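All of these numbers come straight from a predicted model, not from anything done at the bench. Numbers restart at 1 for each chain; the letters A, B, ... are given by sequence-line order, proteins then strands.
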Amino acid sequence: MENTYYIIMNDLLQFTILQVLPSGKSLGWALLLIPLLPLAGFLLLGIFGRKHIGNVSGVVGTTLLLASTALALYTAYGYFFDFGKVDGVYQKLVPLKYTWLQFSPGVSIDMGIILDPISVMMLVVVTFISLMVHIYSLGYMKGEERFPTYYAFLGLFTFSMLGLVMSSNIFQLYIFWELVGVSSFLLIGYYYDKPSAVAACKKAFIVTRFADLGFLIGILTLSFYAGTLDFGELIQRLTTTAAPEFRAITAASFMGVSALTWALVLVFIGGAGKSAMFPLHIWLPDAMEGPTPVSALIHAATMVVAGVFLVARLFPVFSMSAPALDVVMYVGITSALFAAVIACTQTDIKRVLAYSTMSQIGFMMFALGVSGNGGESGLGFTASMFHLFTHAMFKALLFLGAGSVIHFIHSNEMKDMGGLRKYLPITHITFLIACLAISGVPPFAGFFSKEEILLATYHHNVVIYYIALVTSGLTAFYMFRLYFRIFWNRGAIVHGEHHGEGGFVMMMPLVLLAVGAALAGFIHFGNFVSSDGKPLKSVFHLQFSIAPVALGLVGIAAATWLYMKQSNKSESIAKALNGFYKAAYHKFYIDELYLFVTKKIIFNLIGRPAAWFDKNVVNGLVNLTGDSTLGLSGRIKGFQSGKVQQYAIYFLAGVIGLAVLFIYIWHPL
Amino acid sequence: MSGSTIIFYMLAALTLVSGVLAVTTRQIFRAAIFLLFSLIGIAGLYFWMQYDFVAAVQIVVYVGGITVLIIFSIFLTQQAGDLLPKPKIGRQIFSALAAFCGFSLTMLQLYQHKFIGTSEEPLLPTVSNIGDRMLGVEANGFALPFEVVSVLLLAAMIGCIVIALRSKPATT
Amino acid sequence: MNLTLLILLPLLTAVAILLMRNATQVKWTALIGSAAQFVFAFVLLFAFRNARAGGNEAQMLFELKYDWFPAWHIAFHLGVDGISVAMILLTSFVVIAGVLVSWNVTKMTKEFFFLLILLSMGAYGFFISLDLFILFFFLEIAVIPKYLLIGVWGSGKKEYAANKLALMLMGGSALVLVGMLGIYFGGTERTFDLMTLSQLHIPVAVQKICFPLLFVGFGVFTALFPFHTWVPDGHSSAPTAGSMFLAGISMKLGGYGCLRVATYIMPDGAKEYANIIIVLSTIAILYGAFATMMQKDLKYINAYSSVSHCGFVLLGIGMLTKTAMTGAVMQMVSHGLMTALFFAVIGMIYERTHTRQVNEMGGLLKVMPFITTVLFIVGLCSLGLPGLSGFVAEMTIFMGSWQNPDPFHRIATIAACMSIVVTAVYILRAIGKTAMGPLKAEFNNLDDAKWNEKLAAIILIGGIVAIGIAPFWLNDLVSPATEIIMKKLAAVHVGM
Amino acid sequence: MLNDFLILMKSELVIAFIIFLLLFIKVGTEMTNDRLLSLVQILLLANFIYSFFFIAEGDLFGGLFTTNTLMTFQKSILSLAVYLISLLFSDWLKKSEHMLEFFMLMLSAVLGMFFMISSGSLLMFFLALELSTIPVAAMANFDLEKKIASEASMKMILSSAFSSGILLFGISMIYGITGSINFAEIPALLDGSPLQILAFVFLFTAFAFKLSIVPFHLWTADVYEGAPVAVTSFLSVVSKGSIAFILLTTLYKTFAPMHEIWYNMVILLSIVTMIVGNLFALRQQNIKRFLAFSSIAQVGFILVGLSSNSIEGSSSVVYFVLIYVFSNLAAFGVAGAISQQTGKERIDDFKGLYQTNPFISWILALALFSLAGIPPTAGFFGKLFLITAGASKGNYLFITIAALNLIVSLYYYLRVIRSVFMDKNEQPIEIIYLNPSAKLGMIICGAGIVLVGLLSWVYDYITTLIM
Amino acid sequence: MMEPGLYHLLFISAALFFIGIFGFFTRRNLITMLMSIELVLNSVNLNFIAFNKYLWPNKMDGLFFSIFVIAIAAAEAAVAIAIIINLYRTHHSIDVESTEELKF
């Protein structure tokens, strides 16, 4: 029987360390622990949380995540400063790879870990933000009935997100992609007895699922031509123009567009779905039904940028197909502007933040769209990643700040707020920093990243550049609108006695993130992350950065003029551009459009007929055969008349009939 | 036109005509009598073919036995003199049609078929021949059928006894 | 490793059940018996893997063969390959779970469990038999227990459902019978032995007649469009365990038959009709999914989704690529476990709420966390969440289907892929309406799962997760077998 | 000579002996029915067992009587059936005051069948046929007070007389054509000329009548319903079986030269018979009438097997008849037991039978499954072999029709099952008292239904007999 | 008028046969139906004798056949009449139309 034992062991842990790292030591287990610790947290709290662990489960989850954060930072340090760089180029390391499901020779899903600048960067971001949120939730979610479940879900999400960023195989990425989706579904639906929350989580899941359909087909196409699912080989084969795979995929075309472009566009649809790009963005605002820390983690910092990450991961391949990149660019810029406009009109603070998130991700997207691969032209890539990094900081901060506001005032609506700066001083300061950062005011983080993006865009496409400029102006405007409406605008109405700001566990993350938001810009990002792994000198033109900053300041000024003091200027303006305002306020009726398509067309024109057809036609035919048989038997009962003479007549008729038949008609002899 | 021919046609006429009347007349006694005539005619045909023994059996069994039996049963079940119920005309036509079709089909086939007879010299149906065939157990002997028929008659007798003679409690 | 044990175990259990005196004894006998099957299935699995690891490359392992009706060249020929082993595992899982969930059947307990075990015997026999006649024998053995299970212990318009099921399945097996005889007499040698048949090449003309007969015949069992109408009624009127067996095991008989009998021994026929199969199964997939969206009754929802999911099985077979076929087998196993679990959960909910209408429920997560959690898991599995079995199977099928480059197959695959979205819609709708939302007052004091229900659920979830997390073992088990089938397919010249 | 005589005709002699023994008892003694019945049962059992000893082959009476192992086995099947009847309907028999006469008649009918099976000439065949018919017609009337009984027997005697008239006409034509009434000589002289076809049709219809093949079946249902259950079961099992056997030899041997013709005729008739039988069975309420039509459909299946002019054909037919004996007798036994005690014969009256009488419900279920051809009952094997034999000619359409008829038949068998097991009933049939011998009979039938199929050596034995 | 031979006899017998059948179809009185049957049987006898005389005089098969047929006819008639009489007891009529309880 030890033979059997051997087989099982073989199945369970046959890890193949592909590359012995320069430093000689294998990171296998350490790396593995980074995602596995949160997973352990999920299982632990998910199974035993409710009964046995109870209120300490928050602490359990947080400590586990702390550990994995430490490991992540250790790995990042090791990668960036120790073994990652081989003669000046950051390597793609795959320290861990295990064949999970072999489809056909060469094509298999491998569970692996890839280490390259973006994945390591994402490791840091995800673990750090997630840790912040864990800590913050200790205070924010205290006393919730399903406290353990909450932390279990957080663990699940963190695990999936880490798995996503570390995937060495496009199908592995897809797997974690789905897992991320489901954990987001679970967390949005956390308040499961609120119908709106239920609707929201369903919407989020289904919309992203729809997008994933594209992703899946894209993967199938890529793998079909590349004959592999492994990122390394895939990129290598589809970027070397000499390779037969590349020739095949560019030669094959459908509706005049090459298979490569199709595949990439399809993949991008998946990314757009996750990253709430126009027109697949409709789930994001509703997703705000989830607990605010969750929004901070999932719908601001990490999951929603997965789309950007996906494009970045496949960027070399994207760069081989200009049309695909253009699609990315146009979608990105559209979403950026569109979301910014809507954000100016929303009154639910979380929704405002949601739209701003969408807009910022739009920035990252078109930054990738305008970028080239390698060298100077890769500036867009770096910028996009840089913006992703900084955005994670200040957007998480914004959400957490909004969270403490909501925690304090028990409402999301601007009309219930105002003048809270006295009551929530720390929140106020950190929030202000975040607003400045996102508005691209130097020297805060946002300034630098957005600067690079605009620079890259300017070199690539001027029109896009001007639109982006306007958008950043709008960004400044709506952010400060938000800021003033919350903290200034009028005397606070605080009914009854109130508990102050959440206390240490809620403030500490704010402060840490604020520091990040303030200083992250000074990191020389290009040294670490670039499209080709070589350091990228980020050139910095002062005269160039005048315009955006100026626009930003204008926006801020406008916001100040309108909202600093309570007044009805804003209403009058809204009236002035009435139709447009209404349209923007109703998010340009995209939701209604979707509703129409799903309810009216899918349900009424496909689903209902299908059900009807099945009930009446298919089933009816089956019953019909039965009934007709019975009916026939009823009709021929006259034969058995009970008259013996008739029997005899039939008898004779039978005899004569048979005789005639076989003598004259059917006579084989 | 020899005498035997004339006799043949007379017998044939007797048989068929009385047969037809036997199945059509509406007075049951006459029907029985016509049946009797028809059977006698057949017996006559046997005589005409010099199959005297069969003719004798025919007379004894049918004329002496069955017809009498039938007449007795008529006595038992019928009030004398009343007419039989009129058969349905539609049924009558249809039956006639069917019977005629069958008849014509059969005759057609019989006439189309070339019968080949034997060439061996005939074995006369004398009583002695019949007798030793009847009790012969070797080839062309009919002892076994004889036994079977006897069993059959026994069974028939038992059946008749059981059915016709009801036991006491039933009748009262 | 004597395979007859696989038939004897249930048989003995059934007899023992008949001998038992009271309900408790009956239940425990059934449980012990099914546990024995469960253990045996695993022993078989390990023995199989040992043999393979030991370098035994024979197509069928543990073969045994007794002449049964020599006049008809019928032999009692048993043997297993990877596919059979997978199916046997599935059956054992479903059986033990089925016994567990029907723990509080009060009406005619003895007969109930007797029939249940008898049904399992039929399934085992079907999966291990290598002789067409024996296969058919076991295929039909299963019909009557199903009929009685639905008719006696069922709910709703049970007589109608039972009749419909029995008759349609009988019709299917009638077609199988004709096809079978066609092979027997049309082939170059008169035999029912699958291995022999697979060796000798049946004339193409015969294949063209017999393949559709066999395929449709088995297809009726696995809800081939448009012969699926027994599925909704049958499943919804059957008692919980009955539905579990129907959807979990009985529908798999069909798929297995399509693969092992129709496709394997008549490759020409398979090539001839592959496109029709693909069209029908694609219709079944989408159509089933859309029809599901409109259902209000949980059992109907699962029944129609079964139609859709079994469509994947046939699609995988029709695609005629090794990967797709492997996927089809995986899908059979996965769907078996999943749908059994789904029906089990529905049964649990129904026992408590006494309704299956989704609109009448809501917020059950509050009162019965365990059951609803299981509902979540099974729902997610059904919509193909990674880490659960459904994902693995469907992805394998897609991968395999995509290996056919021509537009026809491409479109079919894309259409099939679309169903994963629709599936998400109806599953989330069902879950959202039952588990989430505000809790109805009348459900305020319902209790959670009992030990037996928990055990059943955990066993099935175990299976689902085992495949979802570590599909490689199933893949290693199945793909060599499908490889052989593909070799046979590849051998015959394409296109006629 | 005498020795051969004793050996070769042993089955017939034993039956004859029993008949006369009973006759003497009848006239001689005044035994009570119970003791007599048990005596008769023992005699019949002995007869059945004895039929397996001293098996020999050969001719007697210059070929008028011929026998071989297969015929002997067929006779033992019939003996078994008779024994089972004597067991199953012992209730009814004890009550009737003509029990001995009943047995005498039945046995003489059996004797007739034996002679018919081993008849070597048309004359013997005809006499035996009559011997096996007329007593049964009388038996059908044994419920003397019942109107329907007398009607049934009237219909039977008249129709059988009519059919024997037609048969005789056919025989006479064959005699005229060939000059011989000897089965051994006839085949050489046949060439399928039109008149021969006509003669054959006339002859065949007699078989068709006795075997109740559509459209010569119309008397069947009425007689089955009217006659006492014992007689009905005798009709449907024993006489049908015997006719099936003799039809085998007649078609395969005597009319071998015309087999293209009779093949077409047989498949045509079998299709019609299956369909009509099923369609009528669908809507029957009286269980006896229901079984009558179902047995008509069964005959259709027998014809399927028969149609293949081969060893498989004959073996599968004999095998099926054996199974059919068990299945049908079990069903009739249950029906008889119920109608004997409660007078209920409608299928609706069986509702909820399982609640009160599980044992007979299971027996009935087994019987019906076997008739429907559901595994693991023997009926499955029987039907399957018949169909397989029929398929050997490669006539797929024919086989498909047969297979589809299986579905229809399943439907109405399930109807009974449903009312027995599923339907609710306020006043179900009270608990039926089964006397031991009836119970024994049912158990034997049940065992037969299960075992004859699974134990393949039974079938092998039959095949060896034929080869 | 030609010399009578086999075919004449065959004609007579066939005619008688179908006359009998016609009677069997149309007569409503059971006893008369029985008479028709007797006619049928007789026609068959005539057939046998004729064949025996004109075609196969070398053996006496036909003759014996007809003799046995006569015997059978007697037995059949006896039983039939017994049954009919019993039927008369139960139904108080021997009209075939009055015995149609068993049908469909």
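Across C:Val392, C:Leu439, C:Val425, C:Ile420, the residue that shares the most heavy-atom pairs under 4.5 angstrom with chain A is C:Ile420. With respect to chain C, the highest number of heavy-atom pairs below 4.5 Å among A:Leu213, A:Asp614, A:Ile606 belongs to A:Asp614. Residue with the most contacts toward chain C among A:Leu179, A:Leu186, A:Val617: A:Leu179 (heavy-atom pairs, distance under 4.5 Å).
If you measure heavy-atom distances from A:Leu216 to chain C, the contacts under 4.5 Å come from the side chain alone. Heavy atoms of C:Tyr160 lying under 4.5 Å from chain A belong exclusively to its side chain. Proximity to chain C is absent for every atom of A:Lys194, based on heavy atoms less than 4.5 angstrom apart. A:Val107 touches chain C through its side chain: at least one heavy atom from C-beta onward sits under 4.5 Å away, while N, CA, C and O do not. At a 4.5 Å heavy-atom cutoff, C:Thr326 makes no contact with chain A through either its backbone or its side chain. The contact between A:Leu229 and chain C is made entirely by side chain atoms (from C-beta outward), counting heavy-atom distances below 4.5 Å. Of the atoms belonging to C:Met168, it is side-chain heavy atoms, and not backbone ones, that fall under 4.5 Å from chain A. Using a 4.5 Å cut-off between heavy atoms, A:Asp212 does not touch chain C at all. Of the atoms belonging to A:Val622, it is side-chain heavy atoms, and not backbone ones, that fall under 4.5 Å from chain C. Only the backbone of C:Ala435 comes within less than 4.5 Å of a heavy atom of chain A; no side-chain atom from C-beta onward does. Only the side chain of C:Asp233 comes within contact range of chain A, with at least one heavy atom under 4.5 Å from a heavy atom of that chain. Contact annotation for A:Phe171: only side-chain heavy atoms (C-beta onward) come within less than 4.5 Å of a heavy atom of chain C. For C:Tyr304, the part lying near chain A is the side chain, with the backbone staying farther off; criterion is any non-hydrogen pair under 4.5 Å. Both the backbone and the side chain of A:Phe613 have a heavy atom closer than 4.5 Å to some heavy atom of chain C. Interface residue C:Leu385: only side-chain heavy atoms are found under 4.5 Å from chain A.
Atom NZ of A:Lys615 is surrounded by 12 or fewer heavy atoms from other residues, nucleotides or ligands within 6.0 Å. Within 6.0 Å of atom CZ in A:Phe210, 12 or fewer heavy atoms from other residues, nucleotides or ligands are found, so the atom counts as exposed in its surroundings.
Annotation: cation-pi pair C:Arg410/A:Phe224 present, NZ/CZ under 6.0 Å from the ring centroid and within 45° of its normal.
We find the CG-CD1 distance between C:Asn475 and A:Ile109 to be 10.0 Å, quoted to the nearest 0.5 Å. Note that CZ of C:Phe472 is 9.5 Å distant from CE of A:Met111, once rounded to the nearest 0.5 Å. One distance of note links OG1 of C:Thr396 with CZ of A:Phe103; it measures 4.5 Å at 0.5 Å rounding. Here the straight-line distance linking atom CZ of C:Phe398 with atom CD1 of A:Ile219 works out to 12.0 Å at 0.5 Å rounding. One distance of note links CE of C:Met399 with CG of A:Leu101; it measures 9.0 Å at 0.5 Å rounding. A distance of 6.0 Å separates SG in C:Cys417 from CG in A:Leu220, rounded to the nearest 0.5 Å.
Side-chain N or O atoms of A:Asp193 include none that pairs as donor or acceptor with a backbone N or O of C:Gly363 at under 3.5 Å. No donor-acceptor distance shorter than 3.5 angstrom exists from the side chain of C:Trp402 to the backbone of A:Ser223, with no hydrogens or angles considered. Under the 3.5 Å distance criterion, the side-chain polar atoms of A:Arg209 are matched with a main-chain donor or acceptor of C:Leu383.
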TODO: Verify side chain to side chain contact (heavy atoms under 4.5 Å, CB included) between A:Tyr192 and C:Lys366, making sure each step is shown before the conclusion.
DONE: CA-CA 9 Å; A:Tyr192 62 88; C:Lys366 198 178 243 69; 3.2 Å; yes

- [ ] Test A:Arg146 against C:Leu365 for side chain to side chain contact (heavy atoms under 4.5 Å, CB included), laying out the working first.
- [x] CA-CA 11 Å; A:Arg146 295 165 70 226; C:Leu365 185 51; 4.1 Å; yes

TODO: Assess whether side chain to side chain contact (heavy atoms under 4.5 Å, CB included) is satisfied between C:Lys322 and A:Ser104, documenting all intermediate values.
DONE: CA-CA 8 Å; C:Lys322 171 179 163 285; A:Ser104 53; 5.9 Å; no

TODO: Could you walk me through whether C:Phe290 and A:Phe603 pass side chain to side chain contact (heavy atoms under 4.5 Å, CB included), step by step?
DONE: CA-CA 8 Å; C:Phe290 278 117; A:Phe603 269 71; over 6 Å; no

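Nearest heavy-atom pair across C:Tyr287 and A:Val618 is OH-CG2, 3.7 Å. Residues C:Met293 and A:Gly607 come closest through the heavy atom pair CE-CA, 4.3 Å. The two residues C:Pro386 and A:Ile175 come nearest to each other via the heavy atoms CB-CG2, 3.3 Å. Between C:Met436 and A:Cys201, the shortest heavy-atom distance links the atoms CE-SG, 4.1 Å. Contact between C:Gly437 and A:Val198 at its shortest, heavy atoms only, is N-CG2, 3.7 Å. The heavy-atom pair separating A:Ala610 from C:Ala291 by the smallest distance is CB-N, 4.2 Å.
Of the N and O atoms on the side chains of A:Asn619 and C:Lys164, at least one donor lies less than 3.5 Å from an acceptor on the other residue.
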